[in-house]
Amino acid sequence: MSRVRKSETTGTPQRSAITAAERRGYEDERPVHPVFLAPFWLGRGPVTQAQWQALMGSNPSRFRGDPNRPVEMVSWDDALAYCRKLSEL
């Protein structure tokens, strides 16, 4: 099992609704209305090099030495691949 644990993420309810709390704003932002979001998971902090290595099998970071440092040198496509793999757990 990877070092990426579910306890390091937080989720949203099945269907979340948010609305603007204020009536101020630009005209094109009105009328205030509910916006519904599909459920999703969100990491509680940056992805560490250890987490990336455990899930992806490699460490693209330039600044190594401490596996608790955030992973860097990751492309947009790499980040999407990480998210897809994480969603499969």
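Keep in mind that the numbers below use all heavy atoms, side chains included, and drop hydrogens, waters and symmetry copies.
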message: Which heavy atom of Pro60 sits nearest to which heavy atom of Val74, and what is that distance?
response: CG-CG2, 3.8 Å
field: Distance-minimising heavy-atom pair for Phe63 and Arg69
entry: O-NH1, 3.4 Å
- request: Side-chain contact test, heavy atoms from C-beta onward, threshold under 4.5 Å: evaluate it for Leu80 versus Trp76 and give yes or no.
  value: yes
- request: May I ask you to check whether over 12 heavy atoms, not counting those of Arg62, lie within 6.0 Å of atom CZ?
  value: no
- prompt: Backbone N or O of Leu55 within a donor-acceptor pair of the Lys85 side chain at under 3.5 Å?
  reply: yes
task: Begin with the C-alpha distance, continue with both residues' side-chain angles, and end with the deciding distance and a verdict on side-chain hydrogen bond (donor to acceptor under 3.5 Å, both in side chains) for Asn59 and Ser61.
output: CA-CA 6 Å; Asn59 182 359; Ser61 298; 3.0 Å; yes
task: List the steps and the verdict of side-chain contact (heavy atoms from CB on, under 4.5 Å) for Val71 and Tyr82.
output: CA-CA 12 Å; Val71 69; Tyr82 178 87; over 6 Å; no
message: How long is the straight-line distance from CG of Asp78 back to CE of Met56, given to the nearest 0.5 Å?
response: 6.5 Å
- prompt: CD/Gln51 to CG/Leu86 distance, rounded to the nearest 0.5 angstrom?
  reply: 8.5 Å
